[in-house]
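Working notes for the structure below.
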Amino acid sequence: MIAAFASILVPLLVGRLDRCVLLAVLLAVMAAASLVSALAPAYGVLIGSRVLVGITIGGFWAIAGSLAMRLVPGPSVPRAMVLVFGGVSVAAVLGVPAGTILGDWLGWRAAFGALAALSAAVLVAALVFRPRLPAAEPVRPRAVVAQLRNPALVAGIVATALLVTGHYGAYTFVSSALLDISGVAGALIGVLLLGYGVLGLVGNLLAGPRAARVPGRVAAVIGVGIGATLALFPLVGATPWGGAALLLVWGLAYGGAPVTLQTWVMAAAASCSTSRSRSAPRRAAWWWTHRACPACRAVVRRGAGAARPGDGAAGARHAGRPVAVVTGPVAMVDEPGKACEHAEAPVTAPDASAPAVGRVVGTEDSTPLQFSVALAPEQYLQLDDVVVTVRPVPGIGPVLTAGVVTEVRARHEGATFGSDVFLIADGVLPAQVQEIAEVTTTRVEPECYVPPTPGSIATRATGEERARALYFDQMDLKVPVGLGRDGDPIYLNLEFLDGTRGGHVSISGISGVATKTSFALFLLYSIFRSGVLGRRSVNAKALVFSVKGEDLLFLDHANTKLDEDLVSAYATLGLPAGPFPSAGFFAPPTPDDLSGRPYVSGRTSGVSAFWWTLAEFCAEELLPYVFADAEDERNQYTMVIHQVAGRLRREATPVGDGGVLIGGQVLRTYDDLVEFISDRLTDEDERRDWAGPVTGTGTINAFLRRLRSSLKPLRTIVRGDLPDTPGRRVSTDGAQVTVVDLHNLPERAQRFVVGVVLASETRKKEAAGPGGLLFTMLDELNKYAPREGSSPIKEVLLDIAERGRSLGIILIGAQQTASEVERRIVSNSSVKVVGRLDPAEAGRPEYGFLPPSQRQRATLAKPGTMFVSQPEIPVPLAVEFPFPAWATRLSESAGPPPAATNGHANRACDPFARLPAAPADDDDAPF
């Protein structure tokens with residue numbers, strides 16, 4: 001009973017623990033328990049040690065079959081299963097007699113001591129020779145419950161319970177039956193039981209290969225054999241010879257039971273599909289569906305790594321006869337490159353780890369840059385799979401052509417009319433389903449551009465072959481950006497991100513569906529946390545402008561949805577799962593609040609308010625950024641803007657707390673400044689000096705209208721009435737990631753902030769040199785750098801796009817429509833990323849880097865799926881990036897907000913810190 005419960009509980013408790021590590025732990029417990037049994041001072045201690053032994057036995061039975069499957073290549077699995085369960089028979093043959101002899105000779109304690117020593121020896125061997133066998137996913141209770149809804153599995157469990165219970169119920173009395181019914185001499189009982197064990201080993205060897213194909217039938221034969229033996233015992237077993245014969249037949253029948261029942265249960269479990277997360281794609285068992293020759297039962301078309309439950313076999317033929325579908329691990333499989341004697345042209349594979357999926361077709365033209373593959377029966381290719389084929393070239397040798405599947409088609413060969421499909425389905429019209437995959441070449445090695453020859457074997461690329469096909473082997477610095485359709489990581493070359501060979505990222509997609517901001521943040525997280533920057537990470541910064549709510553104010557908080565699956569997804573990419581470790585946050589001050597509190601509601605600490613003083617506004621000539629609309633350059637008042645800005649710089653004198661003194665007047669608010677400029681431009685005597693000698697009244701009035709319309713948007717962030725405190729200006733000095741929250745500002749104020757901050761950071765980088773990196777993330781790029789017109793902020797963004805990478809400034813721009821963004825900004829982006837697209841937008845020439853199939857897929861892409869294009873790989877790659885490990889809103893924040901990371905926590909936490917101190921002699925409050 002202990003072993004039975006342990007076989008269920010152990011897999012649930014160990015989670016993702018490496019299965020070979022689990023085996024070593026079980027062996028260690030077995031050795032310790034046996035040693036305790038040998039030294040047990042009392043009966044209770046002995047019983048306790050046997051409970052531990054029961055746990056180890058149950059744990060072993062829970063993982064034994066899966067270990068056999070994973071330790072050997074696919075074709076060898078049936079033989080491995082036979083060996084594993086043959087060990088049980090060998091132990092029954094030799095273990096019991098050996099233990100009995102040793103116990104009679106040296107005592108029962110010595111027998112347990114010998115078992116402890118043997119377990120320790122096996123433990124050492126397991127630690128020395130074991131490979132790594134990490135669990136693909138943890139066993140969860142709900143998965144166990146789901147398996148109980150699988151009729152085939154339930155049938156296997158019931159058959160196991162009945163067969164094993166019946167066997168051991170009868171075997172308990174085998175000695176008494178031989179003595180009392182058959183009249184066998186007591187001295188011969190041991191010899192007969194030894195024969196029973198030997199024939200059990202033979203039964204295991206005979207049943208294993210057959211159970212791999214039809215476990216249910218073999219189990220039925222075993223059950224009938226054991227039942228018949230027991231039923232005949234009163235009749236045939238009444239003599240010594242009859243009883244001995246029945247005992248040996250019994251041993252032969254039951255010897256095949258363990259491997260047969262285990263194979264039945266594992267085959268049935270594999271057919272029960274379980275849902276998995278985006279970070280853990282489904283992987284079908286290689287051994288579930290095969291085509292086998294009915295004459296010799298050899299597998300003709302193997303589906304290693306690709307076969308799926310439920311694949312049809314209609315129309316398949318081999319040696320002139322229909323090919324049968326075989327379920328379960330196939331024992332008599334042909335080795336790669338070989339065939340059974342009836343096969344005429346088997347599909348072969350270069351090696352066992354890279355099974356053939358088909359051959360290059362001969363009915364369509366193959367070119368060095370594109371070719372098609374006809375898929376073999378029971379094989380499939382999906383979009384984005386990586387395919388490799390090799391052809392010999394005289395004088396050069398083998399030439400490898402690798403590519404990515406960009407289209408897959410299926411059709412009936414032999415059908416002429418659309419209605420023929422019904423005749424084919426009814427078996428009246430002969431036809432065959434043929435799937436053809438179109439492959440776009442990504443790499444040719446060596447560079448001899450010859451077309452793949454028709455009939456050449458095509459394989460699905462994995463491991464190092466996949467890395468070569470996608471140029472990952474030539475990337476010295478790889479940045480993981482997500483998982484491919486095959487569940488393996490996809491990388492970007494850092495040299496096209498950090499300015500070495502290119503820079504800038506353009507991300508396009510529908511707002512709210514394309515997850516542009518999430519992907520941009522994940523890209524920053526991957527750059528900073530993957531270790532790819534090395535020592536440069538100290539001087540690498542990110543500046544993020546947030547225009548959509550307060551979602552980005554919690555980047556330094558862990559996400560409450562961070563579970564084991566998400567941690568595993570990040571681990572697959574080589575990343576830790578957690579929040580951004582160093583983040584600073586800025587927000588505008590609350591309107592009409594002289595304390596300067598940041599204008600946020602969700603996060604009450606760790607956020608600093610930012611604004612510009614009137615003195616800075618005048619000295620740094622920030623007036624042009626007030627007129628940041630794209631149409632401003634087409635108006636004549638542009639000259640007035642620069643005239644007034646220059647006059648303010650020359651005449652303004654700073655006074656306390658950011659105010660200015662101009663023309664004898666002290667200005668404290670943005671309203672005061674606008675009114676002062678308006679007075680100067682409407683005064684006949686002053687107008688000439690402030691607007692220029694030839695500026696007309698209409699131009700001045702147009703300027704003033706636009707200037708007055710900026711009062712409401714800008715009066716909150718251009719101030720001279722707040723106490724000046726350190727840290728109020730947006731800066732990337734205090735944290736690795738700096739978030740500037742703009743969502744509470746009007747659009748015109750957002751333009752002003754983005755333009756001024758970017759210009760300031762660009763000047764700082766020019767002065768500091770290209771030693772560090774500044775990644776600038778800006779959403780709604782089409783608003784700040786539209787295709788038509790010009791503006792100060794657009795000029796700043798163009799400057800970053802064209803020479804920013806030489807300064808170490810990298811723009812990560814996101815937009816709904818790349819067709820509405822300045823062409824030079826998009827064309828200077830080395831990395832282009834596309835999420836869900838509007839169908840009309842997908843047809844524009846800006847997305848010409850996407851193959852036609854990917855353009856269509858982009859209109860259907862789910863959140864979290866992106867198409868990534870980079871210079872080294874000619875075909876964009878589809879990636880799925882994991883859910884954020886950091887909080888994306890207040891409700892996802894795991895725990896209380898931490899202390900601020902931008903160096904201004906105290907000021908941000910105490911909104912009254914800026915209020916003037918009370919006089920020392922102030923009267924006490926009258927209450």
Trace of the side chain to side chain contact (heavy atoms under 4.5 Å, CB included) decision for L494 with L533: CA-CA 8 Å; L494 182 66; L533 291 175; 4.0 Å; yes
For the student: nearest non-hydrogen atoms of P368 and T401, plus distance: O-CG2, 4.4 Å
Matching residue for M475 among L470, L492, N493 - test: side-chain contact (heavy atoms from CB on, under 4.5 Å): N493
Donor-acceptor contact present, side-chain S869 to main-chain K832, <3.5 Å: no
Distance in Å, L400 CG paired with C448 SG, rounded so as to fall on 0.5 Å steps: 12.5 Å
Backbone of V388 reached by a side-chain donor or acceptor of E465 within 3.5 Å: no
Any donor-acceptor pair under 3.5 Å from R359 side chain to S456 backbone: no
Test item: Q870 side-chain N/O and Y491 main-chain N/O as donor-acceptor pair under 3.5 Å: yes
Considering all heavy atoms, the nearest S830-G502 contact: OG-CA, 3.3 Å
CD (E464) with more than 12 external heavy atoms under 6.0 Å: no
Closest non-hydrogen atom pair between P876 and P874, with its separation: CD-O, 4.1 Å
Trace of the side chain to side chain contact (heavy atoms under 4.5 Å, CB included) decision for V505 with I507: CA-CA 6 Å; V505 180; I507 309 174; 3.8 Å; yes
Partner residues of F867 under the ring-ring contact (aromatic ring centres under 6.0 Å, His included) criterion, sequence neighbours left out: none
Atom pair CD1 (I873) and CD1 (I490), whose distance is rounded to the nearest 0.5 Å: 7.0 Å
CG/D365: more than 12 non-hydrogen atoms of other groups inside 6.0 Å: no
R391 side-chain N/O to P451 backbone N/O, donor-acceptor pair under 3.5 Å: yes
Audit row: R443, E445, salt bridge (charged side-chain N to carboxylate O under 4.0 Å, His left out) steps and yes/no: CA-CA 7 Å; R443 187 169 182 177; E445 285 291 340; 3.1 Å; yes
T389 side chain vs I457 backbone, donor-acceptor pair below 3.5 Å: yes
Minimal non-hydrogen separation, L381 against V405, with atom names: CD1-CG2, 4.2 Å
F522 side chain near L575 side chain, heavy-atom distance below 4.5 Å: yes
Candidate pair T441 and Y449, rule side chain to side chain contact (heavy atoms under 4.5 Å, CB included), full reasoning: CA-CA 10 Å; T441 301; Y449 286 91; 5.7 Å; no
D486/R460 under salt bridge (charged side-chain N to carboxylate O under 4.0 Å, His left out): CA gap, chis, key distance, verdict: CA-CA 10 Å; D486 54 4; R460 181 183 281 105; over 6 Å; no
Heavy atoms from other residues, nucleotides or ligands near CZ of R501 exceed 12 (cutoff 6.0 Å): yes
Donor-acceptor contact below 3.5 Å, side chain Y525 vs main chain A885: no
Nearest-0.5 Å distance, CD of residue E880 to OG1 of residue T865: 4.0 Å
Check: P882 and L566 side chains under 4.5 Å, non-hydrogen atoms: yes
All side chain to side chain contact (heavy atoms under 4.5 Å, CB included) counterparts of Q370, not counting sequence neighbours: T367, E438, T440
Separation of L375 CG from R409 CZ (nearest 0.5 Å): 10.5 Å
Donor-acceptor pair, side chain of S526 and main chain of P480, under 3.5 angstrom: yes
Which atom of L383 lies closest to which atom of R857, heavy atoms considered: CD1-CD, 3.3 Å
Residue pair Q434 / A374: nearest heavy atoms and the distance that separates them: NE2-CB, 3.6 Å
Full working for side chain to side chain contact (heavy atoms under 4.5 Å, CB included) between V481 and M866: CA-CA 10 Å; V481 292; M866 314 296 284; over 6 Å; no
Expected output: side-chain T572 to main-chain S568 donor-acceptor under 3.5 Å: yes
F849 and Y847 aromatic ring geometry - parallel, tilted or perpendicular at 30°/60° bounds: tilted
Gap separating the CD atom of E495 from the CG atom of L477, nearest 0.5 angstrom: 6.0 Å
Gap separating the OG atom of S518 from the CG atom of L523, nearest 0.5 angstrom: 12.5 Å
Check: R466 side chain, A461 main-chain N or O, donor-acceptor pair, under 3.5 Å: no
Contacts of type side chain to side chain contact (heavy atoms under 4.5 Å, CB included), residue Q856, not counting sequence neighbours: none
